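First comes the structure, then the notes that go with it.
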Amino acid sequence: MRTAEVRDDDVVLEVGPGLGSLTLGLLPAAARVTAVEIDPRLARLLPATVAARRPDLADRLTVVEGDALRITELPGPPPTALVANLPYNVAVPVLLHLLELLPTLDRALILVQAEVAERLAAGPGTAAYGIPSVKAAWYGEVRRAGNVGRRVFWPEPNVDSGLVALVRRPPPPGDRRATFAVVDAAFAMRRKGLRAALARWAGSPAAAEARLRAAGIDPSARGEQLSVTDFARLAATEPVQP
């Protein structure tokens, strides 16, 4: 709870509570916990587990049976913090979906595969920097918050895990969808310079170069060299006739 910085007035969103070991740790620290569980059986068992272990805190828990990638709303007070052990194969989409859906989330602490943690927290110019890095940076400051070895889990996974912390800040000026479209295009061919990589997005290599120069970006640069603010500024440039 210290790493998650959960406060006594927080409404915590937990994804994938499973048997409830993390839930039982969150309930004494937070005002409320909303747990989203995709497995119907586990969703039914969690309230009973909490009632048996911490009956004094049972009224702080709300369980939502559903897929965190598909939810469009949550019951009760809006959540202020996300604390979750996210499934490795959907960790990034779930994080981005929840940050966009729930603007009241001002902090997040997630446990993900170590490689995913590295990518989420990577900065421009590093080998791990890519689409997850830029899109997460749209929402806030991201950092590695610790490493978790595979031996602490049962059954033991084949990969190590890492903690990622995010503190929300205002996004850069610009449109999120337009910015993310440029990010996707730039990293689809990350070994190429942006003039070539963004040719389809802009309509032609010449049009891409014109928009890059309008944004003050070197057309020979690569996507991994641009910050989220650079991408937003590029997305906001006027389209050019191919």
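All values below were derived from every heavy atom in this structure, side-chain atoms included, with hydrogens, water molecules and symmetry-related copies excluded. In this text, all values refer to a predicted model and were calculated from it rather than measured experimentally.
For the salt bridge (charged side-chain N to carboxylate O under 4.0 Å, His left out) condition, no pair includes a residue of residues 74-87, sequence neighbours left out. Within the structure, no pair that satisfies the salt bridge (charged side-chain N to carboxylate O under 4.0 Å, His left out) test touches residues 22-39, not counting sequence neighbours. For residues 79-106, the pairs satisfying salt bridge (charged side-chain N to carboxylate O under 4.0 Å, His left out) are Glu100-Arg176, with sequence neighbours left out.
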Ignoring hydrogens and angles, write down the donor-acceptor pairs under 3.5 Å from the side chains of residues 51-59, residues two or more places apart or on other chains.
residue, atom, partner, partner atom, Å
Arg54, NE, Asp56, OD1, 3.0
Arg54, NH2, Asp56, OD2, 2.7

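The shortest distance between side-chain heavy atoms of Leu234 and Leu198 falls below 4.5 Å. Contact check for Leu99 versus Arg168: side-chain heavy atoms found under the 4.5 Å cut-off. Contact check for Leu82 versus Leu109: no side-chain heavy atoms found under the 4.5 Å cut-off.
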Working for side-chain contact (heavy atoms from CB on, under 4.5 Å), residues Val63 and Val50:
CA-CA 11 Å; Val63 179; Val50 172; over 6 Å; no

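Residue Arg200 qualifies as open at atom CZ: its count of foreign heavy atoms under 6.0 Å is 12 or below.
Of the inter-residue distances, the one linking Asn85 atom CG with Leu22 atom CG reads 8.0 Å to the nearest 0.5 angstrom.
Under the side chain to side chain contact (heavy atoms under 4.5 Å, CB included) test applied with Val134, the options Asp230, Val182, Asp184, Val183 reduce to a single match, Val183. Between Val90 and the options Leu69, Leu95, Asp67, a side chain to side chain contact (heavy atoms under 4.5 Å, CB included) holds for only Leu69.
With sequence neighbours excluded, the residues satisfying salt bridge (charged side-chain N to carboxylate O under 4.0 Å, His left out) with Arg119 are Glu115. By the side chain to side chain contact (heavy atoms under 4.5 Å, CB included) test, Pro171 is found to be paired with Trp138, residues two or more places apart in sequence or in another chain being considered.
Between Arg177 and Asp175, none of the side-chain N atoms (NZ, or NE/NH1/NH2) sits under 4.0 Å from a carboxylate O, so this pair counts as no salt bridge.
Under the 3.5 Å distance criterion, with hydrogens and angles disregarded, a donor-acceptor pair is assigned to the side chains of Glu14 and Thr23.
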